[in-house]
Protein chains: 2
Amino acid sequence: MAKLDFSPIADTTRRAEIVGLLRRAILTGRLEPGQKLNELRISEQMRVSRAPLREAMRELVQEGILTSIPYAGTFVINVTAKDIDDAYSLNKVLDEFAIERTWPLRDQRFFDELDRRHAAVKQATRDLDTTRQIETALQLHGLIHEWADNSVLLETWQRLTSRLQMYFALHQRARNEPVPAVDAHETYVRLLKGSDMRAAQRHAKDHIDLDFEELLAYARGLEQRGSKGAGADRAGRPKGG
Amino acid sequence: MAKLDFSPIADTTRRAEIVGLLRRAILTGRLEPGQKLNELRISEQMRVSRAPLREAMRELVQEGILTSIPYAGTFVINVTAKDIDDAYSLNKVLDEFAIERTWPLRDQRFFDELDRRHAAVKQATRDLDTTRQIETALQLHGLIHEWADNSVLLETWQRLTSRLQMYFALHQRARNEPVPAVDAHETYVRLLKGSDMRAAQRHAKDHIDLDFEELLAYARGLEQRGSKGAGADRAGRPKGG
DNA sequence: GACAAGCAGATTGTCGACAATCTAACAAGA
DNA sequence: TCTTGTTAGATTGTCGACAATCTGCTTGTC
């Protein structure tokens, strides 16, 4: 008998579908921070009833990219510079841990997957597709968390990633210019293939710091603009993360 | 005018109420791992409709203590020894980070709160209230995460805590004997008040290891029993975390 | 003009009923 | 006996309607 590995079939509930649509809209910046999600309007647009939509929104609230106030509404979380700082400082700790755990588990499949994801980033960069570039870069960095064989770590990192992706998307959207084509991940990949674990850990920290400072400056700019006039609160009442 | 600090009024939605009830039932072990949650039965018992119940369950799924399979049901997560190991190893990393961040922020209010929570643990120990003992001990250890001034860290730790509390409750429930009255947290508190940060970090690791080994052994026992006969899968199909 | 009371309008929270799907038992055929 | 098709019951997923709550405006009063 031929060996066949079937992957699980897709979740075919409307709820799961809605979660995907909403998450994508938020993470790509199509839904802006602070924006209110009108249940009736969205449910009509998606041609579903409010029940599965509300359940989907509840999931995203727990996922940390929406926030809900009873009888007032559900909003996309607001991004403060402190949030970004918090997320990044924790991310460093997680990266260090992930590298340590992944290190002894590296094998040929790991290296192949590393190359595959690295190639995806380079492709997106060539295509000048900034959204995809963010996605693929995060997937590249996510490999160590997937490989570390620690489900809680992976879950934690994925939650963090959601926000980071949102922040980056906003940043890119604001600058609205093609990112430099120079490959910033080259060293990262090389070190992960090498034999000096400490060096890899150090680089993960330093490299991420680079993008981080830019992002932080952008967020601070947003807050200043927001505080001296009508800010990003598009409708209803806003709320911090 | 007298200074009055009002705390936010309670969430008065049925959904929030249900979340609390279910979470408590799971974390205290009244709902066992693998057990299926029948929506109709629970909604009738709580005298609510299925809509808010389902939304509440969706939240707990994202919180990580329930797991859902479309058209099959929602189940309390199963506890494997690996899950516990994963959670604990990550917890150590987070503790280390939390202590580092909390250290320069310690003040009189911190020390007071530390003493208050420590007293609560000792009270629960005297009362032989094991459930409360677990709760208060986790709250004591949670202080450094609350004080670290990092919202993402706090949120992550709270998610971890949910599971740890569940594991501990199961453990205690299984042993069903009063825990030793000796105060294991004395040193921890003392070190957090001292001036040697590294020592505090080291102790947090070592101390937790103690309880951990016991818990791990218990979980391994559960798995062995489970694999050679009818395990904890009470109804429907079980599923790993 | 300032301020409280009251009244729409809109939006969220909840309900009861129906549709889609799964599970298990049973019958039919090789 | 094993496999396959069918059916009934139970459970989950979804829908449309109603109740509760909030927001902003209007009205009336001082």
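Lettering of chains follows the sequences in order, A, B, ..., and the numbering in each one begins at 1. The structure presented is a predicted model; accordingly, all values stated were derived computationally and were not measured.
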Point to revise | Summary of protein contacts for nucleotides 7-21 of chain D, nucleotide by nucleotide, where a base hit scores B, a sugar-phosphate-only hit scores S (4.0 Å, heavy atoms) | key: ----SBBBB-B---S
Study note, to complete from the structure: Separation between CG (B/Leu66) and CD1 (B/Ile77), nearest 0.5 Å, reads 8.0 Å
Check your understanding: Does a donor on one side chain and an acceptor on the other come within less than 3.5 Å for A/Gln108 and A/Asp112?
Key -> yes
Check your understanding: Taking the side chain from B/Lys92 and the backbone from B/Ala87, do they hold a donor-acceptor pair closer than 3.5 Å?
Key -> no
Study note, to complete from the structure: Those residues at least two apart in sequence (or on a different chain) that pass side-chain contact (heavy atoms from CB on, under 4.5 Å) with A/Leu153 are A/Leu94, A/Phe97, A/Ala98, A/His145, A/Ala148, A/Asn150, B/Leu90
Exercise for review: Would you mind reporting whether B/Leu60 and A/Gln62 have side-chain heavy atoms less than 4.5 Å apart?
Suggested key: no
